[in-house]
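A short write-up of the structure that comes next.
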2 protein chains.
Amino acid sequence: MPGAARPTAAKVADRSNDRGIPEATVARLPVYLRALVGLTERGTATCSSEELAAAAGVNSAKLRKDLSYLGSYGTRGVGYDVEYLRYQIAREIGVTQDWPVVIVGIGNLGHALANFSGFSSRGFRIAALLDADPERQGERVGDLEILGFEQVEQLVEEHRIAIGVIATPAPAAQAVCDRLVGAGITSILNFAPVVLSVPDGVDLRKVDLSIELQILAYHEQRKSALLPGLSGLPGDLPAKAVGR
Amino acid sequence: MPGAARPTAAKVADRSNDRGIPEATVARLPVYLRALVGLTERGTATCSSEELAAAAGVNSAKLRKDLSYLGSYGTRGVGYDVEYLRYQIAREIGVTQDWPVVIVGIGNLGHALANFSGFSSRGFRIAALLDADPERQGERVGDLEILGFEQVEQLVEEHRIAIGVIATPAPAAQAVCDRLVGAGITSILNFAPVVLSVPDGVDLRKVDLSIELQILAYHEQRKSALLPGLSGLPGDLPAKAVGR
DNA sequence: AGCTGTGAACGCATTCACAGCC
DNA sequence: GGCTGTGAATGCGTTCACAGCT
């Protein structure tokens, strides 16, 4: 029964946007941003919606519609100035400065995240690595030391951290989440395979390996079912059958 | 201009489903499956749509609509038999048997994926770990040895692998992807921060850390902008302001 | 009486197609 | 002539509300 004690998982969807940019568009802005960085690196100064759309893996109508929510940053008959558009999108997303991030749970995955080099170049800076296991505390990863989770409140306040990443085992995730929220974190990215609940006003997104694989498995099963193979079981796809 | 050489990124969306289960529903089935496993472990034999929905973090109308696409597996006036429904969903997704998976790129992230214990319990089995770097080849991770990427064709055929996971650096990803497809892989989960192109018939999903963080940053920026703080810049959220 | 299964209503996202500007 | 920006049309997903079964 929801609505009672815990205000059931609040998704990021919320129409109280400043200028009302649709959530689906928000989710694509980072893709456009990356595509623009790629174009810059290749020395392209100007691009059409068609070119940018191809680089981002969407169709050009969608791209233009998306950009139209931000304003009129293109020139009719010409296209978009890559640098200018890049800056506008970065500003809209809010990654013209770096956001400090705390990562909780420095196991295999936490290590991988801590070592991920794309953070700094994409608007984020790891401010703290926390783990509940005293064995791991004190270890250095990159130029940060792993600290105890009990220091979370102090660190969040000291570094003005608003974003937390949960990379703990599933059973610990909800408790960690609650304490992050209590410490003042208002955005959480969850890698633990559990449904987390957060209060209103806290944004929650999740990344879930087995869910992604299961979605692929579903479609894979449908493919094999259409073939003259034995049945719809894994392992009997006669390699190279579907696709080109 | 796309549509020419490379048939631009094919998303999983495709209405040529057997029984036409909507893509949004397919994406939630794994969540329901996990919730049902949780209920089983807690010894619950029967549950209402309300209870299951709460455990899965969705509302009950959506849950019932989703389940209705699979068939009538509940009992009016009573609810759902947990075990029975669990099996039906597992069968629909196709995870009543294990799917062999190949992981390419055994860096930090690849290691984390290779060590992830949830694979086997959720319908997958790591059949091979590949890396292009000879330094890494021969190393053992769990009970598998890291092999050279050049063996991919042989391994895919030998183990009837249909699903590939790309955890390489971004610059290598498209080439790896092309070769996986050439070897007969028809479903790919991509962790590299690039837009990949695959031929029709190959399903592609991506997991992208910086995109997820940037989406959170966007909403975070909107929150701070509403406060009487200094400006909309990262770092000036007076901890504990939004939410409860 | 209670809870599922589902048509109908609604709202959001994508695509179309063209007016408007360079 | 070319390309952007955008109303209008379409399609998809969610929610409502209740008929139908136990």
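Note on naming: letters A, B, ... go to the chains in the order of the sequence lines (proteins, then strands), and numbering restarts at 1 for each one.
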Exercise for the section: When you get a sec, tell me which of dT15(D), dC22(C), dT6(D) is the closest nucleotide to the side chain of K65(A)? Expected result: dT6(D)
Exercise for the section: Would you kindly check if the NZ (Lys) or CZ (Arg) of R34(A) is within the cone defined by 45 degrees around the ring axis of Y32(A) and under 6.0 Å from the six-membered ring centre? Expected result: no
Handout entry: K62(A) side-chain N/O to dT15(C) phosphate OP1/OP2 under 4.0 Å
Key = yes
Handout entry: Integer-rounded Å distance: dT15(D) C1' and L63(B) CG
Key = 14 Å
Handout entry: Protein-nucleotide distance (L70(A), atom CG; dT4(D), atom C1'), rounded to Å
Key = 14 Å
Practice task
Find which nucleotide of DNA chain D each of S68(A) and D66(B) is nearest to by heavy atoms, and output the residue with the more 5' nucleotide.
Solution key: S68(A)
Practice task
Kindly give the heavy-atom pair with the smallest separation between D98(A) and F124(A), and that separation in Å.
Solution key: OD1-N, 3.7 Å
Completion exercise
To the nearest angstrom, the OH-P distance between Y73(A) and dC21(C) comes to 19 Å
Exercise for the section: Round to the nearest Å and state the distance from R64(A) atom CZ to dC3(D) atom C1'. Expected result: 8 Å
Practice task
Return the 5'-most residue of the pair A24(A), A61(B) with respect to DNA chain C, ranking by each residue's nearest nucleotide.
Solution key: A61(B)
Practice task
Give a yes/no on whether any side-chain N or O of S49(B) is located under 4.0 angstrom from OP1 or OP2 of dT4(C).
Solution key: yes
Problem - Short side-chain N/O contact to dT14(D) OP1/OP2 from N59(B), under 4.0 Å - result: no
Problem - D81(B)-T46(B) side chain donor-acceptor pair, cut-off 3.5 Å - result: no
Problem - T75(B) side chain near dT22(D) phosphate (N/O to OP1/OP2, under 4.0 Å) - result: no
Handout entry: Phosphate OP1/OP2 of dG5(D) contacted by Y80(A) side-chain N/O (<4.0 Å)
Key = yes
Exercise for the section: Write down the distance between OH (Y69(B)) and P (dC12(D)), rounded to a whole number of angstrom. Expected result: 11 Å
Handout entry: Any donor-acceptor N/O pair under 3.5 Å between dT4(C) base and R76(B) side chain
Key = yes
Practice task
Assert yes or no for the condition that the ring centre distance of Y80(B) to Y73(B) is strictly below 6.0 Å.
Solution key: no
Practice task
Rounded off to whole Å, could you give me the CD-to-P distance for the E23(A) and dG13(D) pair?
Solution key: 17 Å
Handout entry: Whole-Å distance separating the CD atom of E50(B) from the P atom of dT4(C)
Key = 8 Å
Problem - Residues Y87(A) and R91(A): side-chain donor-acceptor under 3.5 angstrom - result: no
